[in-house]
Amino acid sequence: MERALEVTDNSSKLEDENASSYSAFFQLDNLQPSKKGQRESVSLHVKMDGGYEFTTTLQIKIYNAKSTQHCDWGTTVHSIEYECHTDQQNNSIKIVKDTFR
C-alpha cells in the first residue's frame, strides 16, 4: 500500500532560518488491526525541493478502533522530529537524530 500525504510547510514559524518544518497526518482507521505479537512496518519516503530525499521505516502496532483495553499501553507518538544533513554528491539526506514526541 502506498499513500501520498498532504504536507503542510510550517517553516515560517521557526526562528532558525536554516531549519524546515513540515507536517502530515496519517490516518489508520481503515487498516486491519495487527495480529497478536506482530508489528507493521511503515516506510516513510520524503522528497524535498532540489532532488533531496530520504527513506526511513517506522514500526507500528494497529489496534481495533473500538478497542479500549490498549489505550494505556505504550506511549502515543504525536510527532517525530528528524535532524538531518544533506549529501550534495548523491542528493540524499542523512538522518543524524530522531526525536519522538
Practice task
Tell me, with the steps shown, if V46 and V7 meet side-chain contact (heavy atoms from CB on, under 4.5 Å).
Solution key: CA-CA 10 Å; V46 177; V7 177; over 6 Å; no
Exercise for the section: Check side chain to side chain donor-acceptor pair (under 3.5 Å) between T8 and all other residues, then give those that pass, not counting sequence neighbours. Expected result: none
Completion exercise
K35 and K61 have their tightest heavy-atom pair at O-NZ, 2.9 Å
Practice task
Check whether more than 12 heavy atoms from other residues, nucleotides or ligands sit under 6.0 Å from atom CD of Q38, and answer yes or no.
Solution key: yes
Handout entry: Value rounded to 0.5 Å, distance of CD1 in I60 from CG in L31
Key = 7.0 Å
Problem - Side-chain heavy atoms of E53 within contact of K47, under 4.5 Å - result: yes
Practice task
Measure the OG1-CD1 distance between T55 and I93 for me, rounded to the nearest 0.5 Å.
Solution key: 9.5 Å
Exercise for the section: Output the distance between atom CD (E81) and atom CG (D98), rounded to the nearest 0.5 Å. Expected result: 10.0 Å
Problem - Separation of H78 NE2 from F100 CZ (nearest 0.5 Å) - result: 13.5 Å
Exercise for the section: Would you give the length of the straight line joining atom OH of Y52 to atom CG of N90, rounded to the nearest 0.5 angstrom? Expected result: 9.5 Å
Exercise for the section: Say whether, by atom type as modelled, one donor and one acceptor occur between the side chain of S34 and the main chain of I62 under 3.5 angstrom. Expected result: yes
Under 3.5 Å, which donor-acceptor pairs link side chains of residues 14-26 to any protein atom two or more places apart or in another chain?
residue: D16; atom: OD1; partner: N18; partner atom: N; Å: 2.8
residue: S23; atom: OG; partner: N10; partner atom: ND2; Å: 3.1

Practice task
Please examine the side chains of T56 and Y82, heavy atoms only from C-beta on, and report whether any two atoms are closer than 4.5 Å.
Solution key: yes
